[in-house]
Each structure stands twice: as structure tokens, then as C-alpha cells.
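These notes are about the structure you will find just below.
Heavy-atom basis, side chains included; hydrogens, waters and symmetry copies ignored. Each chain gets a letter, A, B and so on, in the order the sequences are listed, and its residues count up from 1.
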Amino acid sequence: MERTTYCGLVNESYLEKEVVLKGWVQKRRDLGNLIFIDLRDREGIVQLVFSQEIGEQALHVAEELRTEFVVEIKGKVRSRKDDAINPKMKTGKVEVEVHEINVLNKAKTTPFYIEDDINVSDDLRLKYRYLDLRRPEMQNALIIRSKITQAVHRYLDDNKFINIETPYLTRSTPEGARDYLVPSRVYPGHFYALPQSPQLFKQLLMGAGFDRYYQVARCFRDEDLRGDRQPEFTQIDLEVSFMTAKEIQTMTEGLLKAVMKMALNVEIKTPIKRITWNEAMDRFGSDKPDIRFGMELKDMAAAVAKMGFKVFDQTLENGGQVKAIVVPGGTEKYSRKQIEAKQEYIKRFGAKGLAWVKVTSEGFSGPIAKFFDEEHVTTVKEIAGAKVGDLILFVADTRKVVADSLGYLRVAFAKELNIIDENEFAFVWVVDWPLFEYSEEFHRYIAAHHPFTMPNEEDVELLETEPHKAHAQSYDIVLNGYELGGGSIRIHQRDIQEKMFKALGFTKESAEKQFGWFMDALDFGFPPHGGLALGLDRFAMLLAKKDNIREVIAFPKNSKASEPLTNAPSKVATKQLDELGLEIEETN
RNA sequence: GGUCCAUUGGAGUAGUGGUUAUCUCGUCUCCCUGUCACGGAGAAGAUCGUCGGUUCAAAUCCGUCAUGGACCGCCA
């Protein structure tokens, strides 16, 4: 029997026609000598009918069917009587009267239901991922992902980008994330590293004159996982020669527009808004701001100075910040206890406390309300933009702690109060990043983006004098509070690249040893270039409206970096280790 | 490396020291010709994650470990 259509596509155009369908039994409703089966495939569900009148043999087979049996059927499409129409089903106006059926395979009772909105642990879902992936919402998520990559290939091909693969077995480089290492059999004691990104290879392709490169590339980083981080993930990676940062951004906007149109049929407005890194930190307390709502951070230094509240006064005297956000209508919705729970939470960002007042018609109320006289109340309300019934939250600390804490609270309260429009896609460019950040761990500056990022032209000389003041020609594209991607103009001149490594604490010798092979390439007429990489997993997650990238990866790792279905990683045979010249030191 | 949370039939859960361990769904048997959350009758299914402690008595209190989840660190 050859399939004539998908279950989910059976509609009135097939009326009175014979169809052959193949699929899984979603549900059996056995009324005795009348049996209904919901048959499911990737396109949806259609109702099958079995009775003595339609076919006695088929009816007997239907009696034995159970959930998730795989069957093929031949039957005639009939319209349902008015009172039997199911408006909740796409195929609800029709049904298939089955006169021939074959069971292609039986199924044990599944550990969870094959339907949307199941309430089971991720662990169980991953262990039976092939069942989990039968669920319509998982199929939709992966279909959206597929549409995104299709749109990317089409758009970039149309724009003369050349798709080139780069190695997965490559060289370990210092800086950046921890590498996944692959031992070499041919060179015992030597290791390949899986790429954290194709960064240097794509730059070399610019040196090779390809001018416009792209790749949907798998990347690997051996760091701990998060909801939006997997140890292997996919980047839409691109690089171009002879374009400015602005030109690259404009071209990326074209790509984003095409993807949004093809994947979701959503039109986005371009050009996409740009804000500087400084502005993002000041206004949103985040380098990846969610701009779908307000509740921006307000500088309260002027309003609360010399008020007699020690915490604020001392922070300001020590060069810190006092900033606040307003929680609209927060007075009634939040108890002291709930606010204190939030205070507890932000301690992980280093905050020592969370000061708050409730705005009442008489002024402020709450534990620190007594420090505010009438004038302070007026100024604070004005600067914060608060009105009666609002809750004002203050954090006084260093710039970083204030930003992390209020940045978190801003999003947390907005989510709880449901003031974020879930149907909005708010893109924003964050530009003009610092070139370096100080690492407490290494007691030196590290690259904020990566060591191949070009400083702003006027900041090049700062590399040798005050590197921490230098800003980069780098840019991140942010969507709904997630870092969707980022890129930069790269260094294409050897002397600047050498200065960069020096600023990062490399000696001339170590830079030469680690990256000499790359810097040599810059000597041979290397074009100015730049590029960008988009996180495909995050992009798919946001378009599929999921809150974890596991939901858009067919076979992801769990939060402990293992894979419950295949039980990877696993131990290997001693013989394998011997071939690699490796010995395992048992620890416990 | 750290903090917090969870772990009870196949799934989801109730259960604050003494219960025949609760309920819902599912599973199995029988009945049922218009169901679509089908309905009705009945049945099976749990050493309450592990090890140890406290107690006359532990699913329940304490500790260990394990597994999972969220987060901090980490993620050029």
C-alpha cells in the first residue's frame, strides 16, 4: 500500500475518495461494534471509523489496537454529520471509514503520553527522547528550526555568500572557553581540540579571498550548562571582507528579516535600534537588554544624597551607585516577605541588600521610609517616575552589582506581573563594547569579545597605555533579552594584533608560539574584514517560544552534560586507551 | 567549585512520627453503533531514590551518598 496523504492533511477535498494512511494510534475509543481511532503522523491527527458495516475484518483488528501501535489503513473519506463535527480538530469535519488495516508494529505502554503539555521530568523525556519527539510541539519546534536554517541558506546564497566547512579536529588555543580535547592516536600525548567557533578559519578564508563566507557550524565549549547553553551548539557563522561594522549590521538585518518572514511569517522593522554597551548597562542593567518593556534603572544618587541613610551615603562616598527600578502596582502585589525573598536572591550577584519603599498617598512606607523627608519623596518619585501604588526598589553598590541585581529584578518582576508582550520580537544592537574586561581570576585583562577584535580607530594607541579604556568595533544582536549573536571588525594588521596580545599579557614568544601561524597570514596582503555569528539554538528557542534550548535540539545533553538516552559520556575499553597512550587515574 | 530545590505504583500527585500509603490518568478483563477528555462494571500494580542514625514506632525527623532541576562561578 502506498501512502496517498498525511493524516493531518485529510480534508474535504478528499471526500468520497479512497486514501491510504500510515501512522501511530493516538487514541482508541471502543464503543463495542463501533470503534474510533485517532491516527497521528507528523502533520496531525485524523479520526478513523471501524464498524461491521464498513468492514468486519478491519473492526476485529481495531479491537486489538493500543496506543502507539503503527498501522497502515485503506479507507474512504466521509464527511461527518453536523452533530459529529469536532471543531477542535483541523480534520474535524471528515473521518476515514476503514475497510483495510495492517498492524505494522505493536507498542508497549509508553512511559508518558504522546501529547503536548505533558508534566514529566526532563530526565524521563531525554531517556525516551524518540517518544518525546513524537509530540506535536517538539515536531513543530524542530520544524521551525529547520525553516530558520533553510532561510539562512537561501538568503546568504542569494547574497553571494560561499558555504565552506572548517575542521572539527583542530588546535587548542589559549583564551576563551575550556576546550573539548580529542586525543591523537598517531601522536600519543597530543590532542586535537574541537572548535569553540570557526573564528580563525573564517578569518583565514577572508585572507584567501573568498570575500563572503558562511557556515552553519557546530561549536563546542566544555563549560557548565544553562538553560540557554549546551556544550555543543550551532552557530550561523559568517564573515565578509571590505565591509564596515555598520554595513555588516545592515546586511545581518536583511538576514534576520528573511528568517523571521520565512520561519514565522513575521515582518520585522529595520533598521534595528542600536544602543551602546554603556547605555544598555545604565538603563537596563544588562548587556543583553529585553526592551519589550520599560521599568528602566534610574540613577538615584542626586535624589538620595546626604539623606542620612548610611547605606546610600557610604556607597556614594566610595564611588558606588544608588539606582532604582519602579515596580508598577507593586504595593499591593508584593508583601514584605516576598520582597525579602528577592533580596535573598540578588545576594548571589554580590548585593548586600535591597532597599525598598512603597509609594502611598501620604508619601513612602516601609522600613526605610523614615529617612525620606517630603522633599526627598518628591524628588525620588519624580526621577523614578513612580506613582501611588508603585514599589520602588533601590540597590546601592558597585556599578556591576547594581546592574546585575536591578537588571535581574527588572526582568523577574516584569515576568511575574505579566507585563511582557510574549508575541513581540524586540531586536536591538548593543554596540561599542569595552575591548577588555578585568579578570579577577587571572589578575589581568582578558578580551571582552575575543583577541582578534579591532579596537575603535582612535583607541588603538590605548592598547599600550590604558587598555581598559579602549572600546571595540564589536556588536551583539539581542532578541528579547537573549544574546542572539555577536561579531566584530577583526584585526587585519600584524602590528595591531601583536599589541593586542601584549595587552592581554602574552610575551612576544608565547604569542608567536600560540598564534604565530595566524599572524604570519596577516603579512601576506590580508584584507580588512569582519563578521558575526548567530546562535541557531537560541534563535530557534525564541521563535518556538520555548524557555530552554534543549527544546529545539533533537538530542541534547542534560544539565550535567550527559545524555540519558545513550548514556554518553561513557568509559572506554583499556585497549582504546592503550592505543592513545592514555591511562586513567582513578579518583574517588 | 558553590548555593538552593526535588525524589512516593507506568506518569502526575496527597500524605509533619502510629493510615489497609490518597487521588487522577494510564494498564488489564468484561459490556457498549456516533465517540472525540467516550461511558459503565471490575481488577492488577508501590520493598515511599540509597545507606546509616534517632525512636517502642520513620514515606514523615537528622545525616551520607546518588540522580535530576534552577542558579552563582565559568561561558575569548
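- Cation-pi geometry between A/Arg410 and A/Tyr408 is not met: the NZ or CZ atom fails to fall both under 6.0 Å from the ring centre and inside 45° of the normal.
- Taking all atoms of both residues into account, the shortest heavy-atom contact from A/Trp277 to A/Arg399 is CZ3-NH1, 3.9 Å.
- With a cut-off of 3.5 Å on both Watson-Crick or G-U wobble distances, the partner of B/rC48 is given as none.
- When the P atom is used for both B/rG15 and B/rU22, the distance is 14 Å, rounded to whole Å.
- A distance of about 11 Å separates the P atoms of B/rG9 and B/rU13, rounded to the whole Å.
- A/Ala447 comes within contact range of the sugar-phosphate backbone alone, with a heavy-atom separation under 4.0 Å but no base atom that close.
- Between A/Arg29 and the phosphate of B/rC38, there is a side-chain N or O to OP1/OP2 separation shorter than 4.0 Å.
- Nucleotides B/rA59 and B/rC51 place their P atoms 13 Å apart, quoted to the nearest Å.
- A/Glu437 comes within 4.0 angstrom of no nucleic acid atom, judged by non-hydrogen atoms across all strands.
- Within 4.0 Å (heavy atoms only), A/Pro111 reaches sugar-phosphate atoms of the nucleic acid but no base atom.
- Taking the side chain of A/Leu124 as heavy atoms from C-beta on, and the options B/rA11, B/rC75, B/rU27, the nearest nucleotide is B/rA11.
- Using a 4.0 Å heavy-atom cutoff across all strands shown, A/Thr453 reaches no nucleic acid atom at all.
- Note on A/Lys88: only backbone sugar-phosphate atoms sit closer than 4.0 angstrom, heavy atoms only; bases stay farther off.
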Listed pairs under 3.5 Å, donor-acceptor, residues 472-486 of chain A side chains, sequence neighbours left out:
from	atom 1	to	atom 2	distance (Å)
A/Gln473	NE2	A/Pro455	O	3.1
A/Tyr475	OH	A/Ser488	N	3.3
A/Tyr475	OH	A/Ser488	O	3.3
A/Tyr475	OH	A/Gly531	O	2.8
A/Asn480	OD1	A/Ala426	N	2.8
A/Asn480	ND2	A/Glu424	O	3.1

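- Spacing of P atoms, B/rU27 relative to B/rU50, comes out at 28 Å, to the nearest Å.
- Counting non-hydrogen atoms under 4.0 angstrom, A/Asp179 reaches nothing in the nucleic acid.
- Residue contacts shown for A/Tyr345 are limited to sugar-phosphate atoms, with no base heavy atom under 4.0 Å away.
- A salt bridge links A/Glu551 to A/Arg125: at least one charged side-chain nitrogen sits closer than 4.0 Å to a carboxylate oxygen.
- Annotation: cation-pi pair A/Lys342/A/Tyr334 absent, no NZ/CZ under 6.0 Å from the ring centroid and within 45° of its normal.
- Among the atoms of the strands shown, none is found under 4.0 Å from any heavy atom of A/Arg178.
- Note on A/Asn33: a base of the nucleic acid sits closer than 4.0 angstrom, heavy atoms only.
- At a threshold of 4.0 angstrom between heavy atoms, the contacts of A/Gly227 are confined to the sugar-phosphate backbone, with no base atom among them.
- Nearest-nucleotide mapping onto RNA chain B: of A/Ala448 and A/Lys557, the residue sitting toward the 5' end is A/Lys557.
- Contact annotation for A/Phe36: base contact, defined as any heavy-atom pair under 4.0 Å involving a base atom.
- Contact between the side-chain N/O atoms of A/Arg28 and the OP1/OP2 oxygens of B/rC38 is not found at any separation under 4.0 Å.
- Spacing between atom CZ of A/Phe112 and atom C1' of B/rG68 amounts to 15 Å, rounded to whole angstrom units.
- If you check B/rG39 for Watson-Crick or wobble pairing at under 3.5 angstrom, you find it paired to B/rC31.
- In this model, the phosphate group of B/rG68 is approached by a side-chain N or O of A/Ser562 to a distance below 4.0 Å at OP1 or OP2.
- Remark: P of B/rG34 and CG of A/Asp30 are 13 Å apart, rounded to the nearest angstrom.
- Residue-level contact check: A/Asn119 touches the backbone only, with heavy atoms under 4.0 Å from sugar-phosphate atoms and none from bases.
- Note on A/Arg550: only backbone sugar-phosphate atoms sit closer than 4.0 angstrom, heavy atoms only; bases stay farther off.
- Judged as a salt bridge (Lys or Arg N to Asp or Glu O under 4.0 Å), and not counting sequence neighbours, A/Asp432 has no contacts.
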